[in-house]
Amino acid sequence: MSDLPRLLSGGNPQIAKGYGDAPVQAYIAAMPGWKSGVGKRLDALIERTIPDVLKAVKWNSPFYGTSDKGWFLSLHCFTKYIKIAFFNGTHLEPLPPGMSKQKDVRYLDIRENDTMNETQLADWIR
């Protein structure tokens with residue numbers, strides 16, 4: 001029997017719901033292949049941008065937020081990319097490129113060979 005989390009559809013790690021850094025780090029460690037390295041970079045960027053960021057894993061996805069504004073971002077693994085959901089993405093400039101059926105949400109998909117624009121991501125995170 002393996003101690004590694006089970007991977008759900010698309011390679012998304014199945015991590016028990018929990019609050020704080022530990023469940024988020026467990027999720028990142030369980031992200032398959034290249035996605036784990038990108039997850040580490042994203043987590044570090046979010047921490048540098050919002051030093052007092054709150055973290056949780058809900059619905060098998062890491063969530064990031066602040067005590068005064070709530071959850072603002074989540075990550076989710078798919079087979080060929082990582083999807084970043086910006087919960088108030090329609091208020092960001094420029095708009096993150098991915099549209100959503102939910103009114104305020106916008107997405108950014110990161111694929112294996114994409115170059116991450118950390119400056120733009122930090123602006124959106126702020």
Side-chain angles (χ1 to χ4, degrees):
M1 183 182 232
S2 173
D3 289 338
L4 297 176
R6 184 168 76 100
L7 296 180
L8 302 171
S9 175
N12 195 53
Q14 184 177 31
I15 302 291
K17 179 180 176 180
Y19 291 87
D21 188 54
V24 171
Q25 295 310 316
Y27 178 96
I28 291 168
M31 293 170 81
W34 62 270
K35 295 171 191 159
S36 184
V38 171
K40 288 176 189 172
R41 285 180 59 200
L42 289 168
D43 184 70
L45 175 65
I46 294 165
E47 284 185 343
R48 281 193 312 274
T49 306
I50 311 287
D52 58 347
V53 70
L54 302 175
K55 299 180 185 184
V57 170
K58 301 166 153 236
W59 304 286
N60 297 306
S61 295
F63 278 67
Y64 295 85
T66 62
S67 58
D68 59 333
K69 295 185 180 174
W71 304 114
F72 62 84
L73 179 150
S74 75
L75 309 176
H76 195 86
C77 285
F78 288 89
T79 303
K80 297 185 184 230
Y81 60 95
I82 299 168
K83 183 175 287 295
I84 303 174
F86 296 94
F87 300 138
N88 287 308
T90 57
H91 302 283
L92 302 174
E93 290 184 20
L95 287 175
M99 296 185 69
S100 174
K101 293 177 185 176
Q102 297 168 356
K103 180 181 154 220
D104 292 326
V105 176
R106 294 291 290 200
Y107 299 112
L108 175 68
D109 296 342
I110 299 175
R111 290 175 169 70
E112 183 172 11
N113 294 314
D114 287 353
T115 302
M116 277 195 332
N117 182 340
E118 291 192 15
T119 302
Q120 181 61 70
L121 281 167
D123 285 347
W124 284 335
I125 291 164
R126 249 184 240 92

Item checked: Spacing of Ile82 atom CD1 and Ile110 atom CD1 [to the nearest 0.5 Å] -> 6.0 Å

Next item on the list: Would you confirm whether Asp114, through its side chain, and Met116, through its main-chain N or O, come within 3.5 Å as a donor-acceptor pair?
Entry: no

Notebook entry, point to check: Does a side-chain heavy-atom distance below 4.5 Å link Asn60 with Pro13?
Noted result: no

Notebook entry, point to check: If you draw a 6.0 Å radius around NZ in Lys58, do more than 12 non-hydrogen atoms from other residues or ligands fall strictly inside?
Noted result: yes

Notebook entry, point to check: Applying salt bridge (charged side-chain N to carboxylate O under 4.0 Å, His left out), which residue pairs with at least one partner in residues 80-102 are found, sequence neighbours left out?
Noted result: Lys83-Asp109

Next item on the list: Flag the pair Phe72 / Ile125 as yes when at least one side-chain heavy-atom distance between them is below 4.5 Å, and no otherwise.
Entry: yes

Notebook entry, point to check: For residues 20-29, which residue pairs qualify under side chain to side chain donor-acceptor pair (under 3.5 Å), counting only residues two or more places apart or in two chains?
Noted result: Asn12-Tyr27, Asp21-Gln25, Asp21-Lys55, Gln25-Asp43

Margin query: Restricting to salt bridge (charged side-chain N to carboxylate O under 4.0 Å, His left out), what partner residues turn up for Arg41, sequence neighbours left out?
Written below: Glu118

Note to self: Considering only residues two or more places apart or on different chains, which pairs with a residue in residues 96-123 satisfy ring pair (Phe, Tyr, Trp, His ring centres under 6.0 Å)?
What the structure shows: none

Next item on the list: Run through the side-chain heavy atoms of Ile, Leu, Val, Met, Phe, Trp and Tyr, join any pair under 4.5 Å, and report what else lands in Phe78's cluster.
Entry: Tyr81

Notebook entry, point to check: Do Val38 and Met31 come within less than 4.5 Å of each other through their side chains, counting heavy atoms only?
Noted result: no

Check: Given side chains that start at C-beta, do those of Leu92 and Phe86 come closer than 4.5 Å, heavy atoms only?
Finding: yes

Next item on the list: State, to 0.1 Å, how close Ala30 and Ile15 come at their nearest heavy-atom pair, and which atoms those are.
Entry: CB-CD1, 4.5 Å

Notebook entry, point to check: Atom CG of Leu73 and atom CD1 of Ile46: how far apart are they, to the nearest 0.5 Å?
Noted result: 4.5 Å

Check: Can you name the residues that form a side-chain hydrogen bond (donor to acceptor under 3.5 Å, both in side chains) with Asp123, not counting sequence neighbours?
Finding: Arg126

Notebook entry, point to check: Are Ile28 and Leu42 side-chain neighbours, meaning at least one heavy-atom pair lies under 4.5 Å?
Noted result: no

Note to self: Using side chain to side chain contact (heavy atoms under 4.5 Å, CB included), reason through Tyr19 and Leu54 one step at a time and then give a plain yes or no.
What the structure shows: CA-CA 8 Å; Tyr19 291 87; Leu54 302 175; over 6 Å; no

Check: Are Ile50 and Val24 linked, directly or through other ILVMFWY residues, by side chains that come within less than 4.5 angstrom of each other?
Finding: yes

Margin query: Quick check: do Arg106 and Ser100 have side-chain heavy atoms less than 4.5 Å from each other?
Written below: no

Notebook entry, point to check: By ring-ring contact (aromatic ring centres under 6.0 Å, His included), which residues pair with Phe87, not counting sequence neighbours?
Noted result: Phe63

Note to self: Suppose we screen for side chain to side chain contact (heavy atoms under 4.5 Å, CB included). Which residues come up paired with Pro94, at least two apart in sequence or across chains?
What the structure shows: Gln120, Trp124

Note to self: Using the side-chain hydrogen bond (donor to acceptor under 3.5 Å, both in side chains) criterion, which residues pair with Ser61? Sequence neighbours excluded.
What the structure shows: His76

Check: Which ILVMFWY residues can you reach from Met99 by hopping between side chains whose heavy atoms are under 4.5 Å apart?
Finding: none

Next item on the list: Mind listing the closest non-hydrogen atom pair of Pro32 and Gly11 along with its distance?
Entry: CD-O, 3.2 Å

Item checked: Residue pair Lys35 / Thr79: nearest heavy atoms and the distance that separates them -> NZ-O, 2.9 Å

Item checked: With Thr66 via side-chain hydrogen bond (donor to acceptor under 3.5 Å, both in side chains) - residues at least two apart -> Asp68

Notebook entry, point to check: So which heavy atom on Pro96 is nearest to which on Gly89, and how close?
Noted result: CD-O, 3.5 Å

Check: Mind checking what makes side-chain hydrogen bond (donor to acceptor under 3.5 Å, both in side chains) contact with Thr90, not counting sequence neighbours?
Finding: Asp104

